[in-house]
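The structure under discussion appears below in the form of structure tokens.
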Amino acid sequence: MELKTCILIGAPVQDGTGRLGCDMGPSAFRAAGIGPALASLGHGVVDQGNLSIGAVASVPHRNPAIRALGEIAAWTETLAQAVEEAGPRGLPIVLGGDHSLAAGTLSGHARRAAMASRKLFVLWLDAHPDMHTLETTTSGNLHGVPMAYALGLPGFAGHFPPLHTPLEPSRVCMIGLRSVDPAERRLLGELGIRVHDMRAIDENGVASLLRGFLDEVERQDGLLHVSLDVDFLDPEIAPGVGTTVPGGATFREAHLIMEMLHDCGRVTSLDLVELNPFLDDRGRTARLMVDLTASLMGRSVLDRPTRSY
């Protein structure tokens, strides 16, 4: 990956989850040194501060479980515009905030890619697919719907911003899933999304699974967006998240993914989501996420020249 201008965009979103604390995520990433870490690798760093939304009216929905629909719709529009504008100037890194923010980042990057006549691929690193629609969610927490919205699944019209360019399911790869509801499982099967759950990682190793996807990105000359949820990682190494699921990615599995992403040279945007500093252990999770970002952006133990095979 060549040197980039990394554009840090804070998204203090916590309305998509039922637990307070994610709004402190952007500050925790900054306190953990994400800017200096990127600068030490030779990248330019532009910190645009935190986004915000104004007062939002309550938006009703026939699913009584849903909360904060107006707020998440407003964040979606704000984030889509922010990442679309930032993309031509560098590599946007959105500092979350809960994963509902991906409704905005995915739609904004997809719109930008379409206008540039490029194909957008998405690597989704998460314990959950976040494939609920507004009708199927039973928790009402809208951090469980962003992928469904970005894929253009029905039920969002009139509640979320109009979707300019839906994601193509064949260009989405989900790695690390281990908590999938029945409605989400059905949609994953119907759409044919590439899914590598933790059992697949156990049986095959993460490198072989990721390599096939990255080869496809290369063949289609695609842009690659990475969405990294803290709960992708095992809670033993990353406790600072409200949706802990045992059995997640290990320290080395996560770093290997980031190192391979750096080597592929295709990553054009990144989300760091679901960090809840209130639940963290003296900044341990925030520092790990910053270290993983540094690996993606070129930090390595030894230089490994690209070889032709």
Side-chain angles (χ1 to χ4, degrees), residues 1 3-14 21-51 83 86 90-99 101-102 105 123-127 175-176 206 224-244 248-263 267-302:
M1 180 184 290
L3 294 179
K4 305 280 188 179
T5 297
C6 298
I7 302 174
L8 305 181
I9 302 171
V13 187
Q14 67 177 10
C22 279
D23 62 336
M24 299 185 290
S27 294
F29 282 122
R30 293 183 176 105
I34 190 166
L38 294 168
S40 72
L41 297 169
H43 301 289
V45 179
V46 176
D47 191 335
Q48 294 191 171
N50 287 353
L51 300 173
V83 299
L91 191 151
I93 300 177
V94 173
L95 312 176
D98 71 62
H99 219 162
L101 67 83
T105 58
L123 179 62
W124 189 262
L125 302 172
D126 198 333
I175 294 182
V206 73
L224 179 54
H225 174 69
V226 178
S227 197
L228 173 58
D229 190 310
V230 171
D231 70 24
F232 167 70
L233 304 165
D234 192 272
E236 288 295 319
I237 62 170
V241 61
T243 51
T244 53
T250 67
F251 181 92
R252 271 310 310 160
E253 285 169 339
H255 271 286
L256 177 57
I257 289 172
M258 296 299 136
E259 290 158 4
M260 291 177 67
L261 288 171
H262 172 262
D263 292 345
V267 176
T268 52
S269 49
L270 172 66
D271 294 339
L272 303 173
V273 304
E274 293 287 351
L275 174 63
N276 189 327
F278 186 74
L279 303 175
D280 204 1
D281 177 14
R282 293 175 293 181
R284 177 183 174 193
T285 306
R287 290 194 300 270
L288 175 55
M289 292 286 279
V290 168
D291 285 345
L292 291 171
T293 302
S295 286
L296 187 152
M297 299 304 295
R299 181 184 291 170
S300 62
V301 176
L302 296 174

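Atom set for the values below is all heavy atoms of this structure, side chains included, hydrogens, waters and symmetry mates excluded.
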Pair M289-L233, side-chain contact (heavy atoms from CB on, under 4.5 Å): steps then yes or no: CA-CA 10 Å; M289 292 286 279; L233 304 165; 4.1 Å; yes
L224/L261 under side-chain contact (heavy atoms from CB on, under 4.5 Å): CA gap, chis, key distance, verdict: CA-CA 9 Å; L224 179 54; L261 288 171; 3.8 Å; yes
Between CZ on residue F29 and OG1 on residue T293, distance to nearest 0.5 Å: 7.0 Å
Residue list, salt bridge (charged side-chain N to carboxylate O under 4.0 Å, His left out) with R252, at least two apart or on another chain: E259
Exam field: side chain E274 to backbone H99, donor-acceptor pair closer than 3.5 Å: yes
Straight-line distance of L270 CG to L8 CG, nearest 0.5 Å: 10.0 Å
Over 12 foreign heavy atoms within 6.0 Å of CD, E236: no
Between CG on residue D229 and CG on residue D98, distance to nearest 0.5 Å: 9.5 Å
Closest non-hydrogen atom pair between C22 and Q14, with its separation: N-OE1, 3.7 Å
For R299, all residues meeting side-chain contact (heavy atoms from CB on, under 4.5 Å), sequence neighbours excluded: A37, S40, L41, D291, A294
Minimum heavy-atom distance between A86 and I9, given as atom pair plus value: CB-CD1, 4.1 Å
Residues H225 and D271: side-chain donor-acceptor under 3.5 angstrom: yes
Approximate separation, where rounding is to 0.5 Å, of T268 OG1 and L91 CG: 6.5 Å
Where A286 and A28 come nearest, the two heavy atoms and their spacing: CB-O, 4.0 Å
Considering all heavy atoms, the nearest S295-H262 contact: O-CB, 3.7 Å
Heavy-atom pair of closest approach, residues L288 and H255: CD1-NE2, 4.2 Å
Any donor-acceptor N/O pair, R287 side chain to R282 backbone, under 3.5 Å: yes
Value rounded to 0.5 Å, distance of OG in S227 from CG in L101: 7.0 Å
Residues L292, F232; criterion side-chain contact (heavy atoms from CB on, under 4.5 Å); working and verdict: CA-CA 12 Å; L292 291 171; F232 167 70; over 6 Å; no
Side-chain donor or acceptor of D280 paired with backbone N/O of T285 under 3.5 Å: yes
Under the side-chain contact (heavy atoms from CB on, under 4.5 Å) test, residues paired with T243 that sit two or more places apart: H128, H143, D231, V241
Nearest non-hydrogen partners of P26 and G97, listed with the distance: CD-N, 4.0 Å
Non-hydrogen side-chain atoms of I34 and L272 separated by less than 4.5 Å: yes
Close side-chain approach of D234 and T250, heavy atoms under 4.5 Å: no
M258 side chain near L228 side chain, heavy-atom distance below 4.5 Å: yes
Distance (rounded to the nearest 0.5 Å) between E253 CD and I237 CD1: 9.0 Å
